[in-house]
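From a predicted model like this one, the values you see are computed outputs, not experimental measurements. Side-chain atoms are counted along with the backbone in the values below, which use heavy atoms only and exclude waters and symmetry mates.
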Amino acid sequence: MENIYLAIVLAPLFGAIVAGLFGRQIGRVGAHTVTILGVAVSFLLSLWVFKAHVFDGAEVYNATVYTWMVSDGIRFEVGFLVDNLTAMMMLVVTFVSLMVHIYTIGYMQDDPGYQRFFAYISLFTFSMLMLVMANNFMQLFFGWEAVGLVSYLLIGFWYKRPTAIYANMKAFIVNRVGDFGFILGIGALLFYAGSLDYWEVFAEAEGMSQATISIIPGTEWSLLTVACILLFIGAMGKSAQVPLHVWLPDSMEGPTPISALIHAATMVTAGIFMVARMSPLFELSTAALSFVLVIGALTAFFMGLIGIVQNDIKRVVAYSTLSQLGYMTVALGASAYAAGVFHLMTHAFFKALLFLAAGSVIIAMHHEQDMRRMGGLRKYMPITYITALIGSLALIGFPGFAGFFSKDGIIEAVSLSTTPGATFAYVLVLAGVFVTAFYSFRMFFLVFHGEERFRNVEHHAHHDAHHADDHGDDHGDDHGHGHHGPVEPKESPWVVTVPLILLAIPSVLAGYVVGPMLFGDFFGDAIFVAEANDVLARLGEGYTGVMGFIVHGMMMPPFWLAMAGLASAWYIYMRKPSIAAAAKARFEWLYKVLDRKYGFDEFNAFVFAGGSVGLGRALWRFGDRLFIDGLLVNGSARAVGFISRYARFSQTGYLYHYAFAMIIGLLVLITVFAF
Amino acid sequence: MFADWPLLSLVIWTPIIGGILVLMAGDKMPDGARRLALFFSVLTFLISIPLFVHFDRGTHEMQFVELLPWISTFNVNYHLGVDGISMPLILLTTFTTVLVVIAAWEVIQKRVSQYMAAFLIMEGFMNGVFAALDSVLFYVFFEGMLIPMFLVIGLWGGPNRVYATLKFFLYTFLGSVFMLVALIYMYTRSGSFAILDFHQLQLGMTAQVLIFLAFLAAFAVKIPMWPVHTWLPDAHVEAPTGGSVVLAAIMLKIGGYGFLRFSLPITPDASMALDWLLITMSLIAVVYIGFVALVQQDMKKLIAYSSIAHMGFVTLGIFIVFMIYNNTGNWQGAALGIEGAMVQMISHGFISAAMFLCVGVLYDRLHSRQIADYGGVVNTMPWFAAFFVLFAMANTGLPGTSGFVGEFMVILASFKANFWIAFLAATTLILAAGYTLWLVKRVVFGEIANDNVAKLQDLNPREFLVLGILAFVVLLLGVWPAPLLEVMHATVDNLIQHIAVSKL
């Protein structure tokens with residue numbers, strides 16, 4: 001088995017190295033062939049691994065590949081832990097990655113950085129697989145930061161754009177804030193368990209929950225709670241939870257395929273995966289679970305609200321991703337890890353689909369991203385239209401679509417949870433359902449229905465769209481088509497539409513595994529839930545099969561809230577657009593708050609970025625230059641100079657001065673000895 | 001077969017003799033001087049390889065020992081030997097010198113033979129510092145090493161080189177004078193100048209504290225620790241690229257080496273009593289210097305400050321061991337700290353060398369180190385940009401690069417001592433990312449900033465070779481640090497056993 005796991009990980013790495021270092025030699029076709037082959041091998045083998053583990057009941061695999069180093073008796077190793085949870089993640093990662101690789105052929109065809117792009121996304125696939133397959137915290141941290149690195153490289157892919165290179169730096173640094181907590185969390189676990197191996201740490205969980213640590217002198221904190229919250233801070237960075245979410249919307253500066261792969265389907269779900277993997281730890285700390293629950297609920301609702309006021313098609317999907325990540329986090333906090341991971345999986349499919357569909361629209365609109373300049377695209381782009389509809393229905397949780405099962409599972413689980421903060425979270429996630437449906441279909445109607453507003457646009461007004469994906473500007477010459485006058489939209493080529501179709505299939509069907517995944521023993525020992533917290537087990541008591549679940553769901557509030565959201569979007573954006581304008585005018589303060597994204601960016605830029613630079617400047621000017629160098633170093637040099645200026649008066653060079661000094665000295669000595 | 005050779009004498013004297021030969025060859029044939037220097041640096045590197053290969057990983061005893069009487073009146077001996085702490089540093093020295101010689105190939109046009117000779121002789125002295133087991137011999141090499149560096153900065157340096165050289169020389173010299181006093185005091189007590197005899201010397205607390213402070217003066221300046229760090233940015237800014245590389249990659253490490261070879265084993269009780277001082281200074285180095293690095297306008301100054309912050313991890317890793325013992329009551333975790341400090345030293349040798357070489361590549365083309373003069377370099381120098389981003393990431397401690405290993409170990413070890421120490425140490429994750437990536441953003445990415453950048457040529461094969469070798473080493477050590485760790489275990493374990501026994 002080890003060779004197969006190694007092949008799964010190394011095949012994309014090989015592709016990345018070849019395409020990255022020899023991109024010029026092998027050319028465009030060579031680059032996409034080698035990387036797609038690498039990922040395809042990875043995907044097929046993952047499929048086989050999935051079958052072996054899930055259907056044939058293969059043993060859980062946990063073994064070391066090689067010893068990274070040994071220090072102080074602690075083994076730092078690189079190794080794989082493959083159980084059903086890992087197998088599912090591997091499948092999701094390699095499948096979405098493969099779709100995105102193929103899609104990229106169409107999306108990036110005119111880009112001069114074509115080979116580089118393929119190298120990056122293959123490198124990403126490698127990093128993500130290392131992350132999900134890790135059997136220890138060191139490797140987890142490696143994957144964790146490596147995906148962050150690739151994300152950095154890809155957000156800044158169009159490195160000439162000031163917004164892109166600002167966004168990628170911001171993404172990396174905000175993620176580092178999370179990693180800062182994460183590494184301390186690892187430190188806390190190692191402190192007690194003396195090992196970085198998952199299983200060895202889990203074995204100590206019980207003891208750790210009894211142990212205490214004195215963080216503020218005089219107080220005692222549960223070591224496990226501290227460790228879990230620190231680990232979760234890492235998850236907040238990677239999975240963009242409030243208040244570390246600020247990097248994700250800006251990451252839309254990257255090309256759309258990576259928004260689908262990294263910033264929707266896989267990397268941002270790493271935090272969710274990590275918490276699920278660490279369930280034996282989190283389960284023993286109610287305080288940590290409560291923290292997770294509240295943060296998730298805040299993200300789920302308040303980030304969804306921002307989605308309503310966005311006009312950039314990618315930003316709507318981005319805020320939707322934030323909100324859905326919040327749902328997953330809520331599930332984790334409610335101890336419904338399986339529901340969180342289930343939603344992770346369905347979301348990976350339908351959100352990747354929505355992003356790629358948005359990308360397809362963006363291609364057709366010649367890199368226009370403002371939805372106010374779209375509309376009526378349904379008849380020009382039938383495949384994109386249908387797949388986007390499937391994606392949207394899955395997102396809002398329409399009965400029968402994938403998102404319905406997973407999201408309903410989460411909401412019901414929260415309603416049963418007794419973790420402190422569960423009621424608060426329940427209200428927010430329920431309200432979030434309406435919001436989700438509203439912004440999703442607002443986008444859907446604005447893009448695909450109604451008036452063909454792109455014909456009204458006199459010229460391609462890039463200067464207006466402050467966030468527009470204007471990479472056409474950089475590579476405009478390569479495109480060979482003008483940016484002036486109305487565009488004639490047409491359906492995208494097959495390399496774009498085929499991935500859409502292939503992603504649409506699981507966006508519908510993936511939900512039907514709800515039985516085994518939520519209520520069955522799919523995850524086995526991979527996920528541990530304490531007896532008292534096991535909301536899914538209680539939920540499962542009433543489970544009578546998929547149809548029963550659907551029928552039951554249609555009688556519950558989430559369904560009706562979703563329908564209300566869909567209907568409101570239809571009414572406001574299809575029937576009476578004046579309502580939107582009126583509401584905007586009436587609730588201008590609210591609009592402003594949402595449009596400014598609650599002011600997080602301004603706050604961070606002013607307090608943290610500005611504050612750091614100001615502090616650095618002050619320390620440098622006053623600490624280093626004025627005090628240490630000015631006063632101590634040059635000051636002592638000056639003091640020496642000053643003293644010697646007077647001391648040298650005694651060195652006159654006249655013999656009688658020296659003779660006089662000698663006589664005085666002799667007298668003094670005689671006096672001393674005589675008495 | 002090599003085990004019986006006087007390898008340590010060879011790695012010391014081959015470059016020194018080579019340097020003298022290069023110097024005698026003169027500047028009539030600069031190419032000849034270059035080739036001769038390359039020959040000797042490569043030869044020295046090759047001679048040093050058996051030190052690693054034939055190193056006995058199972059013992060803490062000194063290996064490759066050579067002992068000859070030197071000044072028998074004072075019982076001073078020509079005594080050489082290496083253990084797991086010094087051997088890797090010798091390899092770092094011989095390796096770095098080869099790169100420095102290659103990197104100077106076309107860049108240095110004036111007084112080529114003198115430049116090359118200075119670096120070769122310096123290499124010999126630095127190897128001597130690491131290999132010396134007699135403290136007088138150590139002191140001679142320790143001071144002797146300053147002279148070629150003084151000349152390198154003073155002759156091939158920038159406009160403000162006189163101030164920088166004087167500052168560099170006086171600062172480091174002042175520190176080492178105190179050390180000399182301490183060495184002589186211990187000679188009067190033990191009748192020997194052998195460092196290993198000092199280790200066994202029983203000393204009272206007052207004597208230990210005074211000796212500790214004397215060593216601190218020497219090594220804190222060298223490494224350098226806050227607040228005696230301000231000579232370093234000035235020296236780096238004025239030094240030619242090769243000078244910066246040797247300074248950052250090797251000379252700073254002598255401070256860390258000194259703590260491990262002298263301070264800890266000779267004055268364990270004073271080290272434990274004053275650990276709070278060293279830990280505080282280290283944490284200030286990490287946090288304070290991190291902020292200061294953020295606002296630097298000069299690339300070399302920025303990297304110099306970043307070096308100081310990274311050296312903070314070395315001193316933190318070394319002195320955290322006492323706090324671990326005080327907090328947990330045992331020495332579990334101490335080896336993690338010290339080995340982390342060692343790895344950090346080696347890794348920083350590669351990364352800082354690479355960063356300074358990258359700045360050198362830019363400086364050779366535009367003759368400016370100001371960040372503001374660059375922007376969008378990736379457009380004209382894609383290969384350079386790739387290397388620069390890689391080394392920048394290594395500088396931020398990205399896993400998979402060598403920069404991660406040491407920092408990770410030290411942070412994990414600090415957690416055993418105190419949560420807040422780990423907390424402050426871990427801020428480097430954010431601060432290093434901040435100053436390094438901001439540098440990358442302003443220099444490498446963006447539109448082409450000006451006509452000068454538009455005219456830049458990408459790396460030539462020679463530069464590519466140098467940076468490529470460093471990239472390989474940085475990645476290799478990042479994915480497989482085990483071989484480096486293996487040579488240290490026995491020595492570090494012995495050191496910890498030694499400091500665990502009070503001398504009082």
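- Counting heavy-atom pairs closer than 4.5 Å to chain A, the top-ranked of the candidates B:H229, B:Q296, B:M409, B:H489 is B:Q296.
- The residue among A:A146, A:A188, A:P162 with the most heavy atom pairs within less than 4.5 Å of chain B is A:A188.
- Of the listed residues A:D179, A:L230, A:L615, the one with more heavy-atom pairs under 4.5 angstrom with chain B than any other is A:L615.
- For B:L336, the parts lying under 4.5 angstrom from a heavy atom of chain A are both the backbone and the side chain.
- For A:S612, the parts lying under 4.5 angstrom from a heavy atom of chain B are both the backbone and the side chain.
- Annotation: maximal heavy-atom pairing with chain A below 4.5 Å, among B:A335, B:P481, B:A433, occurs at B:P481.
- Here the shortest heavy-atom pairing between A:W144 and A:G234 reads CZ2-O, 3.2 Å.
- The aromatic rings of B:F415 and B:F419 stand perpendicular to each other, their planes meeting at an angle above 60°, with 30° marking the opposite boundary.
- Taking A:I173, A:L190, A:I215, A:I183 one by one and counting their heavy-atom pairs under 4.5 Å with chain B, the maximum is reached by A:I215.
- Ion pairing between a basic and an acidic side chain is recognised when a charged N comes within 4.0 Å of a carboxylate O; A:E145 and A:R176 show such pairing.
- For B:W226, the part sitting under 4.5 Å from any heavy atom of chain A is the side chain, from C-beta outward, and nothing else.
- More than 12 heavy atoms of other shown residues, nucleotides or ligands fall within 6.0 angstrom of atom OH in B:Y163.
- Annotation: cation-pi geometry satisfied between A:R116 and A:F157 (NZ/CZ under 6.0 angstrom from ring centroid, within 45° of ring axis).
- With a 4.5 angstrom heavy-atom cutoff, A:L189 does not touch chain B via any of its atoms.
- By the 6.0 Å contact criterion, CZ on A:F14 is open, its count of non-hydrogen atoms from other residues, nucleotides or ligands being 12 or less.
- Chain B forms more heavy-atom pairs under 4.5 Å with one residue of A:G187, A:G623, A:A618 than with any other, namely A:G187.
- The most heavy-atom pairs under 4.5 Å with chain A, out of B:L429, B:V444, B:V292, come from B:L429.
- Here B:L398 is the residue among B:V228, B:L398, B:L484 with the most heavy-atom pairs under 4.5 Å with chain A.
- Options B:N418, B:T428, B:I448, B:V405 differ in how many heavy-atom pairs under 4.5 Å they form with chain A, and the most are formed by B:V405.
- B:W420 has its ring centre less than 6.0 Å from the ring centre of B:F423.
- A:I74 touches chain B through its side chain: at least one heavy atom from C-beta onward sits under 4.5 Å away, while N, CA, C and O do not.
- Of the options B:N379, B:V377, B:V378, a side chain to side chain contact (heavy atoms under 4.5 Å, CB included) to B:M381 is made by B:V377 and by none of the others.
- For A:F622 and A:F627, the ring centers are positioned 6.0 Å apart or more.
- Taking chain A as the reference chain and counting heavy-atom pairs below 4.5 Å, the highest number among B:T427, B:I338, B:V440, B:D234 is found for B:T427.
- The residue among A:I186, A:I628, A:V633 with the most heavy atom pairs within less than 4.5 Å of chain B is A:I628.
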Exercise. Do B:F384 and B:F464 pass the ring-ring contact (aromatic ring centres under 6.0 Å, His included) test, and can you show the C-alpha distance, the side-chain angles, and the key distance before you say yes or no?
Worked result: CA-CA 8 Å; B:F384 169 78; B:F464 193 96; over 10 Å; no

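- Contact record, A:W68 with B:V479: CD1-O, 3.0 Å, taken as the closest heavy-atom pair.
- With a 4.5 angstrom heavy-atom cutoff, B:L437 touches chain A via backbone and side-chain atoms both.
- Both the backbone and the side chain of A:V613 come within less than 4.5 Å of a heavy atom of chain B.
- Looking at A:I213, the atoms closer than 4.5 Å to chain B (heavy atoms on both sides) all sit in the side chain, from C-beta outward.
- Residue contact with chain A, scored on non-hydrogen atoms closer than 4.5 Å, is absent for B:A413.
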Exercise. Run the salt bridge (charged side-chain N to carboxylate O under 4.0 Å, His left out) check on A:D629 and B:K167 step by step: do they pass?
Worked result: CA-CA 10 Å; A:D629 255 4; B:K167 200 171 176 181; 2.7 Å; yes

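- Contacts of A:Y166 with chain B are made by both backbone and side-chain atoms, with heavy-atom separations under 4.5 Å.
- Atom CH2 of B:W331 has more than 12 heavy atoms from other residues, nucleotides or ligands within 6.0 Å.
- Only the side chain of A:N168 comes within contact range of chain B, with at least one heavy atom under 4.5 Å from a heavy atom of that chain.
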